[in-house]
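For reference, the structure discussed in these notes is given below.
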Amino acid sequence: MPAQVYGEILRKAREAAGLSQAALGELLSCSESLVGLIERGKRRPSKGFTLAAEAALGLNGELYGLLPNTTVMSTPTWFSEWPKVEEKAHTIRTWQPLVVPGLLQTARYMRAVLSSAPWATKQWVEEAVETRLRRQSIFERGIPPLYWALIDECVLLRRVGGDDVMREQLAHLLEMTERPNISLQVVPLDVGVTAGVLGGFALAQGDDIADHVSIDAAAQATVTAREETVRRVNVIYDAIHRWAHPVHVSRRLIREVAARYEDQR
């Protein structure tokens, strides 16, 4: 690994953020001296340090791609545009009928979901988990995007990874939805069929980008800025939203389901 290149990128990003070595060390829960050693190429950075530094400094793989035996993109080619859209978006809206939205998943929940793929290897899963965690750094920006998520009630009931993973995941949902920029609403099962029963999607809007949509599919999802597609998915989102519980009712339901997992200890 070109340690000097890594250190130079880290230093420039830190200075651009207006942080001293001590301030960055505090954000990363490490010492000022460690930051200095890494910037001078005298100490090899860990994956954990790198992911935390990228989240704190608003980077998107510039440091991670310099680590040995890793790649910045464990996402497929067709999806590679979406993280860039997320980075520039001021508003993201999503509907997920089957699993917790990726930006709200815990690492253990991600690992359980990704491991179900027929082609999953341990290395592929771990790289995909790290990629998804890196995407979540958008919530740590100075001005994070508004994030409005709709999920089906079955998402709370499906035991992804087992009871311990679900307890952690539901607690994480409650914690994340305490942030003023994040909203999560649950569509109750007794609604029956909704306009979103065929699959999940996400919509993104930004001042300097065209509106984009990412549409889930079993073999290959679609990322597009085609106006007609974006308009149709917006209509579907609004139709689903009509049936969703209000935010406070959704949070109460999450707490109730979490309590059931606690009772199963």
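Side-chain atoms are counted along with the backbone in the values below, which use heavy atoms only and exclude waters and symmetry mates.
Contact of the Thr222 side chain with the Thr229 side chain is not registered, since no non-hydrogen atoms from C-beta on lie closer than 4.5 Å. Looking only at side-chain heavy atoms (C-beta outward), Leu189 and Leu157 come within less than 4.5 Å of each other. With a 4.5 Å cut-off on side-chain heavy atoms, Val129 and Leu114 count as touching. The closest side-chain heavy-atom distance from His90 to Pro145 is not below 4.5 Å. Val186 places none of its side-chain heavy atoms less than 4.5 Å from the side chain of Val249. Put simply, the side chain of Arg111 does not reach to within 4.5 Å of the side chain of Thr106, judged on heavy atoms. Looking at heavy atoms from C-beta onward, Pro101 lies in side-chain contact with Ile151 at the 4.5 angstrom threshold. Contact of the Leu203 side chain with the Val230 side chain is registered, since non-hydrogen atoms from C-beta on lie closer than 4.5 Å.
In terms of modelled atom types and a separation under 3.5 Å, the side chain of His248 and the main chain of Pro246 share no donor-acceptor contact. Put simply, the side chain of Thr177 gets close to the backbone of Leu174: a donor and an acceptor are under 3.5 Å apart.
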Run the side-chain hydrogen bond (donor to acceptor under 3.5 Å, both in side chains) test on Thr91 and Tyr147 for me, step by step, so that the C-alpha distance in whole Å, both residues' side-chain angles and the decisive distance to 0.1 Å come before the verdict. CA-CA 6 Å; Thr91 303; Tyr147 188 74; over 6 Å; no
Show your working on side-chain contact (heavy atoms from CB on, under 4.5 Å) between Val213 and Ile215 and close with a plain yes or no. CA-CA 6 Å; Val213 60; Ile215 305 172; 3.8 Å; yes
List the steps and the verdict of side-chain contact (heavy atoms from CB on, under 4.5 Å) for Gln96 and Asp216. CA-CA 9 Å; Gln96 287 297 336; Asp216 294 344; 3.2 Å; yes
Evaluation steps, side-chain contact (heavy atoms from CB on, under 4.5 Å), between Trp95 and Thr194: CA-CA 11 Å; Trp95 154 250; Thr194 69; 4.1 Å; yes
What verdict does the side-chain contact (heavy atoms from CB on, under 4.5 Å) test give for Asp208 and Lys88, after you've listed the backbone C-alpha separation in whole Å, the side-chain angles of each residue and the deciding distance to 0.1 Å? CA-CA 7 Å; Asp208 301 320; Lys88 297 178 180 178; 5.8 Å; no
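Here Arg11 pairs with Glu8 in a salt bridge; the nearest charged N to carboxylate O distance falls below 4.0 Å. Note on Arg135 versus Glu87: no salt bridge recorded, every NZ/NE/NH1/NH2 to OD/OE distance being 4.0 Å or above. We find that Glu130 and Arg134 are not joined by a salt bridge, their nearest charged nitrogen and carboxylate oxygen being 4.0 Å or further apart. Contact check on Arg231 versus Glu228 returns a salt bridge, with a Lys/Arg side-chain nitrogen under 4.0 Å from an Asp/Glu carboxylate oxygen.
Between atom CG of residue Leu19 and atom CD of residue Glu26 there is a gap of 10.0 Å, rounded to the nearest 0.5 Å. To the nearest 0.5 Å, the span separating CG on Asp163 from CZ on Arg260 amounts to 12.5 Å. The distance from atom CD of Gln136 to atom CG of Leu104, rounded to the nearest 0.5 Å, is 7.5 Å. One finds the OG atom of Ser20 at 6.5 Å from the CD atom of Glu32 (value rounded to the nearest 0.5 Å). Remark: Leu63 CG to Glu54 CD distance equals 5.0 Å, nearest 0.5 Å. Here the CZ atom belonging to Arg232 is positioned 14.5 Å from the CD atom belonging to Glu227, to the nearest 0.5 angstrom.
Listed here is the closest heavy atom pair of Tyr109 and Val100: OH-N, 3.1 Å. Summarising the geometry of Val160 relative to Val165, their closest heavy-atom pair is O-CG1, 3.4 Å, with the distance given to 0.1 Å. Of all heavy-atom pairs spanning Pro97 and Asp152, the tightest one is O-CB, 3.5 Å. Between Arg167 and Tyr261, the shortest heavy-atom distance links the atoms NH1-O, 2.5 Å. Taking every heavy atom of both residues into account, Leu28 and Ala56 meet most closely at CD2-CB, 4.1 Å. Scanning both residues, Leu98 and Val155, for their nearest heavy atoms gives C-CG2, 3.5 Å.
Screening Ser33, Cys30, Pro45 against Ile38 for a side-chain contact (heavy atoms from CB on, under 4.5 Å) leaves a single residue, Pro45.
A donor-acceptor contact closer than 3.5 angstrom is absent between the side chains of Gln169 and Gln105.
Follow the hydrophobic side-chain contacts under 4.5 Å out from Leu57 and you reach Val5 in the same cluster. Val247 and Ile254 fall into different hydrophobic clusters, where Ile, Leu, Val, Met, Phe, Trp and Tyr are joined by side-chain heavy atoms under 4.5 Å apart, directly or via other members. Residues Leu37 and Leu24 do not share a hydrophobic cluster, clusters being chains of Ile/Leu/Val/Met/Phe/Trp/Tyr side chains in contact below 4.5 Å.
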Less than 3.5 Å apart, which donor and acceptor atoms pair up between the side chains of residues 236-245 and the rest of the protein, not counting sequence neighbours?
{"unit_1": "His241", "atom_1": "NE2", "unit_2": "Gln185", "atom_2": "OE1", "d": "2.9"}

